[in-house]
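Atom set for the values below is all heavy atoms of this structure, side chains included, hydrogens, waters and symmetry mates excluded.
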Amino acid sequence: MVGRKKERIEGAQALLIVTHSAFEGVYFNQMRKDLRYSTMSINTPDKDLDWKAFIDYAARERIRGKYQAVYAVMGALEAGLNTDEIDSAVEYAEKKSVGLLYFVPSFSLYFVLFNEVPKAGENIQERAYELYDGLEETLLYLNGKGKDLNQRIYPRLLEAERNAERLNDESLDRYGYRATSLPEFLVDIKRILGKGDMSQAKKL
């Protein structure tokens with residue numbers, strides 16, 4: 001299959017990632033460096049916002065920075081997104097021209113999906129802790145045991161996409177909602193930015 005070419009709009013930066021927490025911001029900034037995504041930028045609000053205000057913030061930052069696209073990243077628990085509001089949040093984001101990368105119950109699900117499909121009722125944060133040398137959503141972890149976190153999980157992108165799709169099928173059948181929009185995000189990031197280049201990161 002022929003890969004899609006990177007999309008470019010004259011005079012526009014490619015992609016803005018707006019994260020709900022400083023931890024997420026530092027993680028995606030490391031991803032940007034590791035994959036050499038020079039046209040990807042990271043932005044984190046300086047205060048906590050509920051999901052609607054967070055999407056509004058992402059929309060404003062996309063326009064202000066003249067970005068081609070923007071993704072708002074959040075865990076449902078952290079952003080006060082109830083499961084019965086997921087469809088409304090996705091629709092609202094679409095109206096604002098914002099991609100929404102969400103995780104139910106929390107952002108820790110992102111890391112678990114690079115290894116497995118979590119079991120129903122499993123504590124996601126505890127499972128991430130077990131899988132990644134005591135992973136905690138803190139800058140201390142990212143600067144210590146987790147400094148090579150992205151390098152460790154990036155080769156499992158296809159596995160993460162498949163696991164997310166399986167989880168969404170199970171979640172829809174059991175609870176009536178999709179647990180994450182990770183599959184769409186992974187497709188979009190490759191479409192907009194192309195395949196990441198880990199060659200330099202591996203030499204460090």
Side-chain angles (χ1 to χ4, degrees), residues 7 9 12-29 31-32 37 39-114 117-118 124-125 128 137 150 153 157 160-172 175-193:
E7 291 190 356
I9 296 177
Q13 300 182 71
L15 179 64
L16 174 65
I17 303 289
V18 178
T19 64
H20 197 265
S21 74
F23 171 86
E24 296 161 8
V26 172
Y27 169 74
F28 279 101
N29 191 50
M31 174 196 282
R32 179 186 66 81
Y37 281 150
T39 56
M40 172 176 160
S41 299
I42 314 299
N43 181 309
T44 304
D46 58 8
K47 61 180 179 179
D48 288 337
L49 300 172
D50 63 27
W51 67 264
K52 193 169 186 179
F54 183 57
I55 292 170
D56 288 338
Y57 177 88
R60 290 194 300 271
E61 290 301 300
R62 180 187 66 81
I63 294 170
R64 188 180 67 83
K66 299 180 180 178
Y67 288 94
Q68 174 187 341
V70 60
Y71 257 92
V73 181
M74 64 184 184
L77 183 64
E78 295 88 344
L81 177 65
N82 297 322
T83 53
D84 59 357
E85 297 175 313
I86 290 174
D87 289 342
S88 296
V90 171
E91 291 175 6
Y92 186 74
E94 288 177 352
K95 289 178 181 178
K96 294 286 185 173
S97 298
V98 172
L100 186 60
L101 175 57
Y102 70 88
F103 299 90
V104 180
S106 68
F107 182 69
S108 295
L109 177 60
Y110 173 89
F111 300 106
V112 174
L113 288 171
F114 278 84
V117 180
I124 297 301
Q125 290 174 320
E137 294 186 23
N150 189 60
I153 69 175
L157 278 177
E161 189 172 344
R162 294 190 191 104
N163 287 342
E165 288 171 348
R166 283 181 55 198
L167 177 63
N168 279 337
D169 288 342
E170 293 176 9
S171 183
L172 271 172
Y175 304 114
Y177 62 83
R178 299 173 77 247
T180 179
S181 55
L182 182 61
E184 292 87 342
F185 172 76
L186 294 179
V187 168
D188 258 3
I189 203 168
K190 286 183 285 187
R191 174 179 62 82
I192 297 169
L193 300 177

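- Between I17 and M40, some side-chain heavy-atom pair lies under the 4.5 Å cut-off.
- Put simply, the side chain of D56 reaches to within 4.5 Å of the side chain of Y92, judged on heavy atoms.
- Counting all heavy atoms, side chain and backbone alike, T44 lies closest to G25 at OG1-CA, 3.8 Å.
- You'll find the ring centres of Y110 and F185 outside the 6.0 Å limit.
- Residues F103 and V112 fail the side-chain proximity criterion, which asks for heavy atoms closer than 4.5 Å.
- Below 30°, between 30° and 60°, or above 60°: for Y175 and Y177 the angle between ring planes is below 30°, a parallel geometry.
- Expressed to the nearest 0.5 Å, how far CD1 of I55 lies from OG of S97 amounts to 12.0 Å.
- Between V104 and L109 the shortest side-chain heavy-atom distance does not fall below 4.5 Å.
- The shortest side-chain heavy-atom distance between F107 and S21 does not fall under the 4.5 Å cut-off.
- Listed here is the closest heavy atom pair of D188 and Y71: OD2-OH, 2.9 Å.
- In this structure, H20 and F54 have perpendicular ring planes: the angle between them is above 60°, well past the 30° mark.
- Within the 4.5 Å cutoff, the side chain of M74 has heavy atoms near those of the L100 side chain.
- Looking at L16 and E61, their side chains come closer than 4.5 Å, going by heavy atoms from C-beta outward.
- The distance from the CD1 atom of I124 to the CG atom of L113 is 7.5 Å, given to the nearest 0.5 Å.
- Considering CG of L77 and CG of N82, their distance stands at 10.0 Å, rounded to 0.5 Å.
- Here M31 contributes atom CE and E24 contributes atom CD; the two are 11.5 Å apart, rounded to the nearest 0.5 Å.
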If you apply the rule salt bridge (charged side-chain N to carboxylate O under 4.0 Å, His left out), what do you find for E165 with R162, and how did you get there?
CA-CA 5 Å; E165 288 171 348; R162 294 190 191 104; over 6 Å; no

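- In this model, a donor atom of one side chain and an acceptor atom of the other lie less than 3.5 Å apart for E137 and S108.
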Apply the test salt bridge (charged side-chain N to carboxylate O under 4.0 Å, His left out) to residues R166 and D169: give CA-CA distance (whole Å), side-chain angles for both, the deciding distance (0.1 Å), then the verdict.
CA-CA 5 Å; R166 283 181 55 198; D169 288 342; over 6 Å; no

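- A donor-acceptor pair under 3.5 Å links the side-chain atoms of N168 to the main chain of A179, judged by distance alone.
- Taking both residues in full, the closest heavy atoms of F114 and L157 are given as CE2-CD2, 3.8 Å, listed atom of the first, atom of the second, then distance.
- The CD atom of E184 lies 4.0 Å from the CZ atom of R178; values are rounded to the nearest 0.5 Å.
- Note that CD1 of I86 is 5.0 Å distant from OH of Y102, once rounded to the nearest 0.5 Å.
- Put simply, the side chain of D50 gets close to the backbone of A53: a donor and an acceptor are under 3.5 Å apart.
- Listed here is the closest heavy atom pair of A89 and L81: CB-CD1, 3.8 Å.
- The side-chain heavy atoms of F111 and Y27, taken from C-beta on, include a pair separated by under 4.5 Å.
- Here the shortest heavy-atom pairing between T180 and P183 reads O-CD, 4.2 Å.
- The two atoms that bring A69 and I192 nearest to each other are CB-CD1, 3.8 Å, heavy atoms only.
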